[in-house]
Amino acid sequence: MRILLVEDTQEIGLAVQKRFERIGYAVDWETDGRTASELIEVQPYDLVVLDVMLPNMDGFTVLKHLRRRGLRTPVLVLTARSAVDDRISALDLGADDYLVKPFDYRELEARARALLRRAAGMADNTIKAGPLIIDRAGRTAMIAGAPLDLTRRELTVLEILASRPGAFVAKEELLEQLFGFDRDPSTNAVEQFITRLRRKLAATSVEIRTERGLGYQLVAP
Amino acid sequence: MLAALAAILLLGAAVLSIAAWQYAALAARDAYDKLLMGGAVQIAENIFLQGGVVTLDPPAAAIATLSAYDLVFYSVTDPRGIVVAGYGDLTLSASPERLRQGVVLEDGRYQGQPVRIAGLVRKVEGAPGDGWTRIIVAQTLGARAALTSDLAFKALAMIAVMSALALATAALSMRLVFSPLTRIEREIAGRQPDDLSPIALTPPPEARALVEAIDGFMLRLRERIALMQRFIADAAHQIRTPLAAIDAQVELLEEDDPAQTAQLEGLRSRIAELGRLTSQLLDHAMVLHRARSQHRTPTDLNHLAKTVLSRAVPLTLDREISISFVPLEEAPLLDVDVISVGEALSNLIHNSVVHGAHKRLSLAVERTADGVALRVRDDGPGIPISDQSRLAMPFQKGATSTGSGLGLAIADEVARAHGGALRFEGKDGDFSVILEVR
């Protein structure tokens, strides 16, 4: 995974870079808006993490240029300004998500993972597997038209499984997606989520199967 | 004002009444005095000398006139002091010299009754002595009193009518004078506390200067408040930048020492709290401003609610809370300010995540009689009824809260700015906070 980080505050840039590199992403860090904008044109990225207040060209303009060129790279905007001032304009301009500074770095990591998963799948923000429909942007799931009550992590597990229907997903991958590197949870935690998900899916035709050594598999008619 | 006028009128009426009574008494006395004098003169004219003795032939008509309503007494005394007719004990105090100058009138008492007495002397030629014969006529006061009362009561009735008219006129003119003020008062009293717009009345010429002064004052106040809000917003924003840098420094610290992990975690959560406080200060300052200016756009509240829910619950929430979203079947379109409603809802969801929900949190979009309700429901302890109204005030917070105490205040203001309200429902274990907008 290659990530472009555009952030002119040294500490924040460093902290974000460190966090992403620790989970194995390659991070290009730019501090200048215009340079970043030029870089996006020549180098494909899986994710752009973009500050709003930048020298030479502000984040919104960078975003506008990027979208005008038809690039669908997911963009996560970091802003120190208020909601009321500019969150909406960030989303209007085609940002996929935003965080207001100061933000939780674990949350940044989780949001980045979610955006990368989304980009890896279809461009559409919904995943369909039989009667199961997951709205990734809205973070809600429905089954046969009825809303499913899921916790955030249950939804993440279901989302990963449903985006690759029929394929096996290793327990370790789920673990990493769920907790990042911050915690040191045992693989038992994943089993607990799978058990709870199975209970919530019991009355439906969607099934989660386990194959020893391979991981989990979502089967939908 | 009217009471003061009424008091003045009452005092005036009392003085006038006393005066009227006195004038009436005077008029009645004058009228009856003339009759009495006439009677006395007639009696005097009916005195003649018969065989050297002064004799009276009582003038029946004159006495009848005087005694129509009263008792009449008279006496005729010859020059020697012998009473030749009438009551011998009827006297008067005036001296003979005084009597010779003309008819004397005086008040007195006779047979235990107050009487008016007329006295005169007449020279009867050939009478014994110097010839001066004294005539006294006394009349009780019944007719005078009757006339006095009659005159006085008529005058009093007129005074009363005039006073009432004067009071009514005063009341009417006061109402006319103050009616523009009353309308202005009603306009101002009926306002939202944050409404500082100019008075929406075309003032009559008399009140124009006043309305302009009030409008001018409100304009200055509004500018002042806007400046303060801008200042709060700027200050909050300025705090955020170094705060984010501190947060980054914490993130960069190596967590090698497990003993420090807990402390770092504490530091992180304090920074997050402070960050949230700055956001809310900023939002609180800006939301009102936005609500006043025309930021409303037709919005699908299902979509807005879902978007806010997806962002307001952190992906890294440590507690496992089931989140559900219940949209309205038919997308509810409403003219709202997307930003402020979104922030309000986000605050409610944050409250529920932090203080409320144990295992469940749901957001439902519901239709109300004339708008839409966004219901944040959880299985937490809820807010005690005694705290509900207090917590909607800025900087008031629940007993266990570590937040800024602005979340519910923002939601409440946004709801009111949208013609709705913030309501609470349910009890411990199933509690809803409902944001109504119209």
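Naming convention: chains lettered A, B, ... in sequence-line order (proteins, then strands); numbering from 1 in each chain. If you're wondering where the values come from, they're calculated on a predicted model, not measured in any experiment.
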Under a 4.5 Å heavy-atom cut-off, does chain A meet the side chain of B:Ala245, its backbone, both or neither? both

So which atom in B:Ile321 and which in B:His358 form the shortest heavy-atom distance, rounded to 0.1 Å? CG1-O, 3.9 Å

Hey, is CZ on B:Arg377 packed in by over 12 heavy atoms from elsewhere, all under 6.0 Å? no

Donor-acceptor pair, B:His350 side chain versus B:Gly407 backbone, under 3.5 Å? no

Side chains of A:Thr126 and A:Asp135 only: does a donor on one sit below 3.5 Å from an acceptor on the other? no

Would you mind checking which part of A:Leu14 comes under 4.5 Å of any heavy atom in chain B, side chain (CB onward), backbone (N, CA, C, O), both or neither? both

If you tally heavy-atom pairs under 4.5 Å between each of B:Ser362, B:Gly275, B:Pro314 and chain A, the highest tally belongs to B:Pro314

With only heavy atoms counted, which part of A:Phe103 is less than 4.5 Å from chain B, the side chain, the backbone, both or neither? backbone

Given the options A:Lys200, A:Glu154, A:Lys18, which has more heavy-atom pairs under 4.5 Å with chain B than any of the others? A:Lys18

Count the heavy-atom pairs under 4.5 Å between each of A:Gly13, A:Ala110, A:Ala15 and chain B, then report the option with the highest count. A:Ala15

Against chain B, label A:Leu99 side chain, backbone, both or neither, depending on which of its atoms sit under 4.5 Å from a heavy atom there. neither

What I want to check is whether the side chains of B:Glu425 and B:Ser432 have a donor and an acceptor closer together than 3.5 Å. no

Options A:Ile12, A:Thr140, A:Leu155, A:Leu150, ranked by heavy-atom pairs under 4.5 Å with chain B, top entry: A:Leu150

One thing to verify: whether A:Arg153 and A:Glu159 come together as a salt bridge, which I'm taking to mean a side-chain N less than 4.0 angstrom from a carboxylate O. no

